[in-house]
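One structure is given here, and the rest of the page talks about it.
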Amino acid sequence: SPILSIKNEYLQATFHPDTGFLRTIEVLDRKLTLAVSQAFFWYNASTGDKQSDQASGAYIFRPSQAKPIPVSHWAQTQLVKTALVQEVHQNFSAWCSQVVRLYPGQRHLELEWTVGPIPVGDKWGKEVISRFDTPLKTLGVFYTDSNGREILERRRDYRPSWDLNQTEPVAGNYYPVNSRIYITDGKMQLTVLTDRSQGGSSLRDGSLELMVHRRLLKDDGRGVGEALLESGSGVWVRGRHLVLLDTAHEAAVGHRLLAEKELLAPQVVLAPGRGSSYHHK
Amino acid sequence: YGDSAPLNEAMAVLQHHDAVSGTSRQHVANDYASQLAAGWGPCEVLLSNALAKLSGSKESFSICRDLNISFCPVSQTSAHFQVIVYNPLGRKVDQMVRLPVSEGLFLVKDPRDKTVPSKVVELPNTGNTELLFPALVPALGFSIYSVTQVSIRRPRAHLRQPRPQKSR
């Protein structure tokens, strides 16, 4: 089948014809192309094991295995193309979908994900992530803006101030992401801006992941005394990831200005009736 | 009378990590939500008063609390309505405004009474339709756009049918 793509004057995103997943991002005016595969996965929450009886819970993230399970191996896609917006709607499963969106004049790709209610009928707690896989040689390093203060370098299985004995290969490499996470090979940089605080990591070179939703069946024994389990059928969450691809040299300008616009976004108020037009002066 | 103090106080309470990270018991989470909702009510009045004063006209402003699920009674039922876009940033920004509408074609005019390009897009699988138009907002200011429904015929955005995927 023909390759699905969306494009404006700055960006082109193409999707894999077999899987429907995002395949490449191309920055046209900077002549940058990066193979980016993005999909949703879930970690099976630990309920305790031989090493430790620690369960995953409200305070603790502890998956039972390091490899996450794909929500789906392919997504059903639909394309909406108009002069004002181009969108690829991806349906991964009954509880996971996404819209990949490009507006004219926009230098970033907008991924609006909808996840939930997470099914737990199989008695497995699930911690759902959105993962971006690229061929970037990142040498175990990624960056997050933890605590909203400054971008900090994070190195896999490493702490700058002590010799780390890594006992949790996934959770031990997760860091808070307040507004952005990025990976770079020194030439190209892939940045993802979040619309809320999330956990994030880069567990393999060229890979970047953000946790978008979780639903657990066991209390972690850290004081809350309740499993992180919504009553009834559970809740769904909708959020946005803004994806920027740029040269490592130019990237900071782009993600800083976009983050300002995202975190202090224009507010919309409506008034019924015709009213009179307002002139700035 | 509008008042921002209750929302200030609710936000101060919500600085606690329990409110941010999901480490609270469910009834506490419910209470956080309740405090936020109670604080937002008088703040809406304050915002409406400010907008009425700045625009020089007293309007019945409507601030949608359900925009996250694309539901808005004003834009979905009114034949005429105004869209006020406020920009809290110290530089001008352009923003694509998306509003849920029922059906039909719409005429959108900018603050200078010029028609701006707009499009009604039908969202796949949901049957919902949204009106899109680009808005330009000055630094630390706002722009008012007027929207008029000019036809009630169903819009037809270019929508391709679901693509069958190879099974694995």
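Within every chain, numbering begins at 1; the chains are lettered A, B, ... in the order of the sequence lines, protein sequences first and strands thereafter. None of the values given here were measured: they were computed from a predicted structure.
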How about A:Thr82 and B:Val120: do any of their side-chain heavy atoms sit closer than 4.5 Å? no
Would you indicate whether the side-chain heavy atoms of A:Val80 and B:Glu122 approach each other to under 4.5 Å? no
Non-hydrogen atoms of [X] and [Y] that approach each other most closely:
X        : Y        : result
B:Gly22  : A:Ala58  : O-CB, 3.5 Å
B:Pro88  : A:Pro266 : CD-CA, 4.1 Å
A:Pro104 : B:Met96  : CD-CE, 4.1 Å

Crowding at CZ, B:Arg91 (>12 non-hydrogen neighbours, <6.0 Å): yes
Given heavy-atom pairs under 4.5 angstrom as the criterion, report whether the side chain, backbone, both or neither of [X] touches chain A.
X       : answer
B:Ser75 : both
B:Val85 : both
B:Asp94 : both

Where the side chain of A:Glu226 meets the backbone of B:Gln26, is there a donor-acceptor pair that is under 3.5 Å apart? yes
Heavy atoms only, distances under 4.5 angstrom: which of A:Leu84, A:Leu229, A:Leu264 has the most pairs with chain B? Name it, please. A:Leu84
Pairs of heavy atoms under 4.5 Å with chain B: top-ranked of A:Leu228, A:Thr114, A:Asp220, A:Val224: A:Val224
Distance (rounded to the nearest 0.5 Å) between [X] [atom1] and [Y] [atom2]:
X        : Y        : atom1 : atom2 : answer
B:Ile84  : A:Gln267 : CD1   : CD    : 12.5 Å
A:His89  : B:Thr126 : NE2   : OG1   : 8.0 Å
A:Tyr103 : B:Gln95  : OH    : CD    : 8.0 Å
B:Leu89  : A:Glu260 : CG    : CD    : 6.0 Å

For [X], which atoms come within 4.5 Å of any heavy atom of chain B: side chain, backbone, both, or neither?
X        : answer
A:Glu87  : side chain
A:Tyr59  : both
A:Leu257 : both

Assess whether side-chain contact (heavy atoms from CB on, under 4.5 Å) is satisfied between A:Leu270 and B:Val147, documenting all intermediate values. CA-CA 10 Å; A:Leu270 305 179; B:Val147 180; over 6 Å; no
Among B:Thr148, B:Val83, B:Asn87, residue most engaged with chain A (heavy-atom pairs, under 4.5 Å): B:Val83
Pairs in or reaching into residues 106-140 of chain B: which pass ring-ring contact (aromatic ring centres under 6.0 Å, His included), with residues at least two apart or in two chains? B:Phe133-B:Tyr145
Does a salt bridge link A:Arg101 with B:Glu130, judged by any charged N lying under 4.0 Å from a carboxylate O? no
